[in-house]
Number of protein chains: 2
Amino acid sequence: MAIRKDGKTSFSRTTLADVARESGFSPSTISIVLNEAPISRYVAAKTKEHIREVAKRLDYRPDAFGRSLRKRRSHTIGVMIFDISDPFCTLILQGIEKSLHSTEFLPFIVDAHNQREQFERYLAMLLEYRVEGLIVVANWLFIDIETLSELERHRVPTVLVGSEMRSGPLGSVLVNNEQGGYLALQHLYSLGHRKIAFIRGPRQLWDSSRRWDGVLRYAAEVGLRMPKKWVVELTGSSESNSSFDEGRSLTSTMLQHDPGFTALLAFDDLTAFGAVRALRDFGRSVPEDCSVLGFDDVPYAALFNPSLSTVRQPMERMGSIAVGRILNEIQQGGEVTPGKGRVDLLPPELVQRESTAAIHPTGRILARKIGKI
Amino acid sequence: MAIRKDGKTSFSRTTLADVARESGFSPSTISIVLNEAPISRYVAAKTKEHIREVAKRLDYRPDAFGRSLRKRRSHTIGVMIFDISDPFCTLILQGIEKSLHSTEFLPFIVDAHNQREQFERYLAMLLEYRVEGLIVVANWLFIDIETLSELERHRVPTVLVGSEMRSGPLGSVLVNNEQGGYLALQHLYSLGHRKIAFIRGPRQLWDSSRRWDGVLRYAAEVGLRMPKKWVVELTGSSESNSSFDEGRSLTSTMLQHDPGFTALLAFDDLTAFGAVRALRDFGRSVPEDCSVLGFDDVPYAALFNPSLSTVRQPMERMGSIAVGRILNEIQQGGEVTPGKGRVDLLPPELVQRESTAAIHPTGRILARKIGKI
DNA sequence: CTTTCCCATTGAATCGTTTGAAAGATGATG
DNA sequence: CATCATCTTTCAAACGATTCAATGGGAAAG
């Protein structure tokens, strides 16, 4: 422990007592002035000024631990994410950060890396830090229901973003997946496509099923035939780029089996990227030979080549709505409010870019092939 | 404030005193047992067992504020990033998280959104939270030197990742940009390219100049001519996708002026994505008509269409090295250690994918055009 | 002259934990 | 019996801030 010239150890920082000593007033007064507490109304203007000057000169910063201990408030909101490298998370996080910015709260972000053990460790730490609220960004989530249900035991207002629990008291904010699936198929169908391949999400994922429900609903409405050979399913490993790889290999397999589809609906954007790769490797170009539609609208969808048509989830908004609900619950003082287990379903939005187009009126596929020979 | 059946307010949680009362031992003993302090050697085995049982039953979690206040340690490392949506950050963050995982430290991540005001606000908060170390992920950084120099005033061990200060005492961990630039040009040159267009980084960015130095060094070595019309520069706004947009428009301009180049070296991957888009819109395909080389190897480079050849920065390793250095400095007890201002330069690595190829031996450009008519 | 009110500041308790010193036991040794 | 060592547990003082109640002065009101 190094000793500075002023005799203090290098670890200790300027404290309230230091400012008190230096300014000649008591710690109470310092605290009152610096926090602009109501009674500071009675403190002489000259005193205030003097105290502020000294505090600044000594570079005084109140210790968050001392303060939080006494006030019994941490002024933090825990944010648990499951994979920071998932671009889906990123925008939600931004929404959360931006909304929190205007408040007195600081986000405390932890990344569970899709591992249950980590999830529990970090959860425990967040609770030790007495977070006043908890936002769980549950994008691609195989943590079992019980683990999440545990959350409410902790008497910390909690909101789930991007996912929904089939039951249980936790509130959630997510896109209307059913409607999204519906919109997606509607888009392809109205472009004239009738031979459509599908890569649906993993069956274990509840949200994935909802999305598929929407697809089925539209298909039923217009009487679209969906042959089994063109409907495949992601297994959903938790690896980072797994949906790209799976999208690619599933598409390859379908192409080898029967390449007759003119459009492909992917579970999400990453899967769509993989599909585009597979199509290209097979000699098909997008969208001329086959349209590809994604889901999510991750930031890279617009940069991709060709830029990807997709169903957008309002991710930033989801983040800020989650924050709004948490702040609300905090203000309610932890009371079990009526709308607590509420589910906010936000409308998805279809974004048409380059990867989808009306079905080729001329025999474009043939022409292209000749051109290549 | 809701009152529970046991008479405690709903805000207060089980505390050490609760466990003490319930178990019949004193708070001291509880603390000693639960922390497995050295003297716990003397505590009767039966007592230990009993205390642990009670603690578990009451779901006791030590309050981080009380503990940190007393122990004068926060067990947190602040991580300041400048734009979480930048995929460059993401991998570094993962490296940091993974390395921290095996330690007693918790990362405290904040995102300054490229704004100075935010940077300072968050920095103040991190200091109030008494972070024991600080990692600044300074990817795309226009915060002025003074602001960063301030950091060392705070007597908190600090390491910069991904950027370097021309002077000053802060240590940094980053890729060898000069070598990266050298490798990049070498790659294109050895593929046979002689007419190469360059999009260099913003001049204000120190690291960008280093990279450019490497390019120039190789060019000088082999005597490559670099006509001014094919050398452009990013302005470097802090917007999220600005390098894509700029890469695209700069490439467009060059193409309109003189499309004779057969390869393009971009400042980073995002710029490269923009360049590919511009080339395609101009009717050039990559790599058949023009090779494109990026820098960074963001996760999407491999998924892009065509997959992007690039110079990889070992981002995850940069993160873990930064953690290692911070932990080291913390162990040194904040002493000014000899290697404190040290700069770790990691070697870049060329990753060849689809976007670069040997120069076209046949007159492919012409053939393609005819094919399209 | 006492009471009341306002002004300006402070004393002292408190938040939940850790920890060095001390205090009770018990048994062994001189 | 005093002394000492060993074991087991507790006391009480921090850590740094906030806040309620209290202080003492001065002026105005009764």
Side-chain angles (χ1 to χ4, degrees), chain A residues 1 8-9 11-51 54-55 58-75 104 127-130 132, chain B residues 1 8-9 11-51 54-55 58-75 104 127-130 132:
Chain A
M1 203 184 279
K8 283 191 289 191
T9 65
F11 287 156
S12 71
R13 336 229 339 220
T14 16
T15 159
L16 200 58
D18 295 333
V19 183
R21 206 176 311 117
E22 183 79 8
S23 69
F25 289 92
S26 77
S28 322
T29 311
I30 314 293
S31 172
I32 287 161
V33 169
L34 260 31
N35 288 307
E36 303 183 33
I39 25 169
S40 74
R41 204 163 56 78
Y42 296 127
V43 177
K46 202 160 47 174
T47 308
K48 282 187 191 170
E49 202 184 337
H50 179 215
I51 287 177
V54 172
L58 298 188
D59 194 28
Y60 167 68
R61 298 164 190 280
D63 180 296
F65 295 107
R67 159 181 290 177
S68 289
L69 182 57
R70 171 63 226 236
K71 295 180 70 167
R72 316 175 77 179
R73 296 203 51 185
S74 67
H75 289 280
E104 54 190 349
L127 291 173
E128 285 176 10
Y129 272 90
R130 299 285 189 264
E132 299 184 40
Chain B
M1 200 184 281
K8 283 190 287 189
T9 64
F11 287 156
S12 71
R13 336 234 335 225
T14 27
T15 159
L16 202 57
D18 295 333
V19 183
R21 204 176 313 117
E22 183 79 10
S23 68
F25 288 92
S26 77
S28 321
T29 311
I30 315 292
S31 171
I32 287 162
V33 168
L34 260 31
N35 288 309
E36 303 184 34
I39 27 170
S40 73
R41 204 163 56 78
Y42 296 126
V43 177
K46 200 161 47 175
T47 310
K48 283 188 191 170
E49 202 183 336
H50 180 215
I51 287 178
V54 173
L58 298 189
D59 193 29
Y60 168 69
R61 298 164 189 280
D63 180 295
F65 294 108
R67 160 181 287 177
S68 289
L69 182 58
R70 170 64 224 228
K71 295 182 73 167
R72 317 175 76 176
R73 295 202 53 185
S74 67
H75 289 281
E104 55 191 345
L127 291 173
E128 285 176 10
Y129 273 89
R130 299 286 188 262
E132 299 185 41

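- Distance, B:Lys48 NZ to D:dC7 P: 13 Å, rounded to whole Å.
- Residue order along DNA chain D, read from the 5' end via each residue's closest nucleotide, puts B:Ile32 first among B:Gly66 and B:Ile32.
- Protein atom CG of B:Leu58 is 15 Å distant from nucleotide atom P of C:dG16, rounded to whole Å.
- Taking CG of B:Leu127 as the start and OG of B:Ser74 as the end, the distance is 10.5 Å to the nearest 0.5 Å.
- Contact between the side-chain N/O atoms of A:Tyr60 and the OP1/OP2 oxygens of D:dG16 is not found at any separation under 4.0 Å.
- Listed pair A:Arg70 / C:dA13 fails the phosphate criterion, with no side-chain N or O lying under 4.0 Å from OP1 or OP2.
- Listed by chain and residue number, A:Ser31, A:Arg67 satisfy the side-chain hydrogen bond (donor to acceptor under 3.5 Å, both in side chains) test with A:Asn35 (two or more places apart in sequence, or in another chain).
- B:Arg13 has its CZ atom 16 Å from the P atom of C:dC15, to the nearest Å.
- Separating the CZ atom of A:Phe65 from the P atom of C:dT18 is a distance of 13 Å, rounded to the nearest angstrom.
- Atom CZ of residue B:Arg13 and atom CZ of residue B:Arg61 lie 7.0 Å apart, to the nearest 0.5 angstrom.
- In this structure, CZ of B:Arg72 is placed 12 Å from P of C:dT19, rounded to the nearest angstrom.
- Not one N or O on the side chain of B:Ser23 forms a donor-acceptor pair closer than 3.5 Å with the backbone of B:Ile51.
- The CG atom of B:Leu127 sits 16 Å away from the P atom of D:dG16 (whole-angstrom rounding).
- Here the rule is side chain to side chain contact (heavy atoms under 4.5 Å, CB included) with B:Tyr60, and of B:Val19, B:Val54, B:Asp18 only B:Val19 fits it.
- A:Arg61 comes within 4.0 angstrom of sugar-phosphate atoms only, judged by non-hydrogen atoms across all strands, and of no base.
- The CD1-C1' distance, from A:Ile30 to D:dG16, rounds to 14 Å in whole Å.
- The shortest distance between the side-chain N/O atoms of B:Ser31 and the OP1/OP2 oxygens of C:dT18 is below 4.0 Å.
- The side chain of A:Thr15 places an N or O atom within less than 4.0 Å of a non-bridging phosphate oxygen (OP1 or OP2) of D:dA17.
- Between the side chain of A:Ser26 and the base of C:dG11 there is no donor-acceptor pair of N/O atoms closer than 3.5 Å.
- The base of C:dT19 sits with one of its N or O atoms less than 3.5 Å from a complementary donor or acceptor on the side chain of B:Ser28.
- Distance A:Leu16 CG to C:dA13 P: 18 Å, rounded to the nearest Å.
- Checked by atom type and distance alone, the side chain of B:Arg72 never pairs as donor or acceptor with a backbone atom of B:Leu69 at under 3.5 Å.
- The side chain of A:Thr29 contributes an N or O atom lying less than 4.0 Å from OP1 or OP2 of C:dT10.
- Proximity of residues 35-47 of chain A to DNA chain C (heavy atom under 4.0 angstrom from any strand atom) is restricted to A:Tyr42, A:Val43, A:Ala44, A:Thr47.
- Heavy atoms of B:Phe25 sit under 4.0 angstrom from primed sugar atoms or phosphate atoms, though from no base atom.
- Of the inter-residue distances, the one linking B:Arg73 atom CZ with B:Glu104 atom CD reads 5.0 Å to the nearest 0.5 angstrom.
- In this model, the phosphate group of D:dT18 is approached by a side-chain N or O of A:Arg67 to a distance below 4.0 Å at OP1 or OP2.
- Between A:Phe65 and A:Tyr129, the two ring planes are tilted [angle within 30° to 60°].
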